[in-house]
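Single-structure report; data block below.
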Amino acid sequence: MASSKSSPPGFVFSILIIISFFNFVTCNNQHILSSCNFDAIYQLGDSIADTGNDVQDNPSSKFARLPYGETFKKATGRCSDGLLMIDYIALSAGIPFLDPYLNKDGLFDYGLNFAFAGATAMSAEDLAKWNVSFVPTSISLSRQLDWMFSYFNTTCRGNKDCFKKNGKALFMVGEIGGNDYNYAFWQGKTIEEVKTMVPEVVETIKQATKRVIGYGATRLVVPGNFPIGCFSVYLTKYQTDDSTAYDELHCLKELNNFSIYHNYLLQQAIAELKEEHPDETVVYGDYYNAFLWLLSKADCLVSFDPISLQKACCGIGGDYNYGLSSWCGDPKVPVCENPNERLSWDGVHLTQIAYELMATWLVRDIYPKLQCEYIVSYSSAV
């Protein structure tokens, strides 16, 4: 016998509208960046964008084995079950997936990826001045820029005109800086203590962006930080019975306000860069609102499980399926049956489906700001 309960017609109609809108945006997002005529993409950053540098450097890394990459049935070095946002950005631009810089057999004709899992914006030496001693990798933004310079210097062989070809490329400067804060928080520092680091982290990102412009970049995206108060790792570490600590999406308000502060200073830095370099296009990548959009609409999109949105797919323990001592990749840590039902992959990183949907939102947001239509029409006129 059918249940007498049913959803109100208006509610069902709203759900259908959201799903239809998502399908429309996704289909039209597939190659939207191709009109920008990028001939390459270069990526700096951390595990949010690393396509294999960490595992090239450390083959025993947990990211080098399943369950990481299980959607591919093969670990690729990506810190997810599958693809990352940079992969979908490349697809939208009509460019092949970026090989990691440390893969000496990689194809670099269409750009390459310098991002490294665990990387920080500031160097380990600079972080030590803030009494942040737990830094598991020596790869910082400065080191990645050295790799980038070495690559361009080798391929251009000192020919300064060669750097002009970078004007046809897209440069992604981050997301970076999140680990500077992660390591400080995991070391036990308070939010107020970590907040004092933010201006120096942002200044480091600004100076790195200027250095990339010096390599001939004319179109750059500088992403901000995620709303970390919504992530399993922080929801577990700072879990509290105080209901006022959470917002309507069950995210920790104080930690999200911290991310907002970082992003505010970063957008100020980008505004300064625009004044200093009026001929270059520097765009803020709004990862914060891309994720909040996804979290707020996830119960209406594709196949997400509404009761597990903030639970890690690969993890064990507590309300968020995340253990502070047992991590994804450990032999006894289980993996959920269907990663497409979750936003969080391992409590720190997101699932492929989450990255795909965020990339869909992000590409729609940055496309008009990259002035691609102007560039195409100008090129056609010339």
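Side chains included, hydrogens not; waters and symmetry mates left out as well; all remaining heavy atoms used.
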* Check the pair Tyr42, Tyr215 against side-chain contact (heavy atoms from CB on, under 4.5 Å), reporting the backbone distance first and the verdict last. => CA-CA 12 Å; Tyr42 298 97; Tyr215 298 155; over 6 Å; no

* Asked: Which is it for Arg211 and Asp146 under the salt bridge (Lys or Arg N to Asp or Glu O under 4.0 Å) test, yes or no, and what are the steps along the way?
  -> CA-CA 10 Å; Arg211 192 171 165 187; Asp146 289 343; 2.7 Å; yes

* Can Phe226 and Tyr288 be said to form a ring pair (Phe, Tyr, Trp, His ring centres under 6.0 Å), step by step? -> CA-CA 4 Å; Phe226 291 86; Tyr288 186 97; 9.3 Å; no

* To do: For side-chain hydrogen bond (donor to acceptor under 3.5 Å, both in side chains), just list the numbers for Gln352 and Glu356, CA-CA rounded to whole Å, side-chain angles, deciding distance to a tenth of an Å, and then say yes or no.
  => CA-CA 6 Å; Gln352 171 178 289; Glu356 179 184 5; 5.4 Å; no

* **Working for side-chain hydrogen bond (donor to acceptor under 3.5 Å, both in side chains), residues Trp130 and Glu193** => CA-CA 9 Å; Trp130 292 92; Glu193 287 176 322; over 6 Å; no

* To do: Please lay out, stage by stage, how Gln268 and Tyr264 fare under the test side-chain hydrogen bond (donor to acceptor under 3.5 Å, both in side chains).
  => CA-CA 6 Å; Gln268 281 191 325; Tyr264 171 73; 2.9 Å; yes

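No side-chain heavy atom of Thr360 sits less than 4.5 Å from a side-chain heavy atom of Tyr88. When side chains are defined from C-beta on, Val221 does not count as touching Val282, because their heavy atoms never get closer than 4.5 Å. Proximity of His262 to Val201: side-chain heavy atoms (C-beta onward) are separated by under 4.5 Å at one or more points. Between Trp361 and Leu294 there is no side-chain heavy-atom pair separated by less than 4.5 Å.
Between the Asp99 side chain and the Gly106 main chain, no donor and acceptor come within less than 3.5 Å of each other. Judged by distance alone, with hydrogens and angles left aside, the side-chain atoms of Glu125 form no donor-acceptor pair with the main-chain N or O of Ala128 at under 3.5 Å. Judged purely by atom type and a 3.5 angstrom limit, Thr204 uses its side chain to pair as donor or acceptor with the backbone of Glu200. Using a distance-only test at 3.5 Å, with no hydrogens or angles considered, a donor-acceptor pair links the side chain of Gln267 to the main chain of Asn263. Between the Asp330 side chain and the Lys332 main chain, no donor and acceptor come within less than 3.5 Å of each other. Not a single donor-acceptor pair under 3.5 Å links the side chain of Asn182 to the backbone N or O of Trp186. Judged by distance alone, the side chain of Thr351 and the main-chain N or O of Arg342 form a donor-acceptor pair under 3.5 Å. The main-chain N or O of Ala169 is never found under 3.5 Å from a side-chain atom of Asn166 such that the two would form a donor-acceptor pair. Judged by distance alone, the side chain of Gln187 and the main-chain N or O of Ser133 form a donor-acceptor pair under 3.5 Å. In this structure, the side chain of Glu175 does not engage the main chain of Gly45 through any donor-acceptor pair within 3.5 Å.
Closest heavy-atom contact between Met197 and Ala184: SD-CB, 3.9 Å. Between Pro306 and Asp299, the shortest heavy-atom contact is CB-CB, 4.0 Å. Listed here is the closest heavy atom pair of Pro96 and Ala90: O-CB, 4.0 Å. Closest approach of Asp81 and Pro339 over heavy atoms only: OD2-CB, 3.6 Å. The minimum heavy-atom distance linking Pro223 with Tyr284 is given by the pair C-CE1, 4.4 Å. The shortest non-hydrogen separation linking Gly229 to Asn256 is N-OD1, 2.8 Å.
For the 3.5 Å distance criterion, the side chains of Thr240 and Asp242 fail to qualify, holding no donor opposite an acceptor. Asn58 and Ser61 share no donor-acceptor pair across their side chains, judged by distance under 3.5 Å alone. Side-chain atoms of Asp346 and Tyr68 form a donor-acceptor pair, as typed in the model, at a separation below 3.5 Å.
Looking at Ser344, Ser80, Ser47 one by one, the single match for side-chain hydrogen bond (donor to acceptor under 3.5 Å, both in side chains) with His349 turns out to be Ser47.
Residues that satisfy the salt bridge (Lys or Arg N to Asp or Glu O under 4.0 Å) test with Lys210, not counting sequence neighbours, are Glu276. Listed by chain and number, the residues in a side chain to side chain contact (heavy atoms under 4.5 Å, CB included) with Trp147 are Tyr101, Leu102, Phe114, Phe116, Ile139, Arg143, Gln144 (sequence neighbours excluded). Taking Thr218 as the reference, nothing meets the side chain to side chain donor-acceptor pair (under 3.5 Å) condition, with sequence neighbours excluded. Contacts of Lys129 classified as salt bridge (Lys or Arg N to Asp or Glu O under 4.0 Å), with partners at least two apart in sequence or in another chain: Asp126.
The aromatic ring centres of Tyr181 and Phe258 sit less than 6.0 Å apart. Aromatic pair Tyr234/Tyr320: ring centres not closer than 6.0 Å.
In this structure, CD on Gln239 lies 4.5 Å from CG on Asp319, to the nearest 0.5 angstrom. Separating the CD1 atom in Ile32 from the CD1 atom in Ile89 is a distance of 12.5 Å, to the nearest 0.5 Å. One finds the NZ atom of Lys311 at 12.0 Å from the CG atom of Leu235 (value rounded to the nearest 0.5 Å). Atom CE in Met122 sits 12.0 Å away from atom CG in Asn179 (nearest 0.5 Å). Taken from CG in Leu350 to CG in Leu357, the straight-line distance is 10.5 Å, to the nearest 0.5 Å. Here Cys79 contributes atom SG and Ile48 contributes atom CD1; the two are 8.0 Å apart, rounded to the nearest 0.5 Å.
Cluster annotation: Val55 and Leu44 are assigned to distinct hydrophobic clusters (Ile/Leu/Val/Met/Phe/Trp/Tyr, side-chain heavy-atom contacts under 4.5 Å, transitive). In terms of hydrophobic clustering, with Ile, Leu, Val, Met, Phe, Trp and Tyr side chains grouped at heavy-atom distances under 4.5 Å, Trp327 and Val333 are assigned to different clusters. One hydrophobic cluster holds both Val212 and Ile176 under the rule that ILVMFWY side chains link at heavy-atom gaps under 4.5 Å. Hydrophobic clustering (ILVMFWY, side-chain heavy atoms < 4.5 Å, transitive): Val348 and Val194 are in one cluster. Taken together through direct or relayed side-chain contacts under 4.5 Å among Ile, Leu, Val, Met, Phe, Trp and Tyr, Met148 and Val173 form part of one hydrophobic cluster.
For Glu272 and Lys206, the salt-bridge test passes: some basic side-chain N is under 4.0 Å from an acidic carboxylate O.
Listed by first and then second residue, the disulfide (SG to SG under 2.5 Å) pairs that reach into residues 228-260 are Cys230-Cys251, sequence neighbours excluded. Residue pairs meeting the side chain to side chain donor-acceptor pair (under 3.5 Å) criterion with at least one partner in residues 103-122, sequence neighbours excluded, are Thr51-Asn113.
A cation-pi geometry, defined here as NZ or CZ lying under 6.0 Å from the six-membered ring centre and within 45° of its normal, does not hold between Arg78 and Tyr355. Geometric assessment of Lys253 against the ring of Tyr246 yields a negative cation-pi assignment under the 6.0 Å and 45° thresholds.
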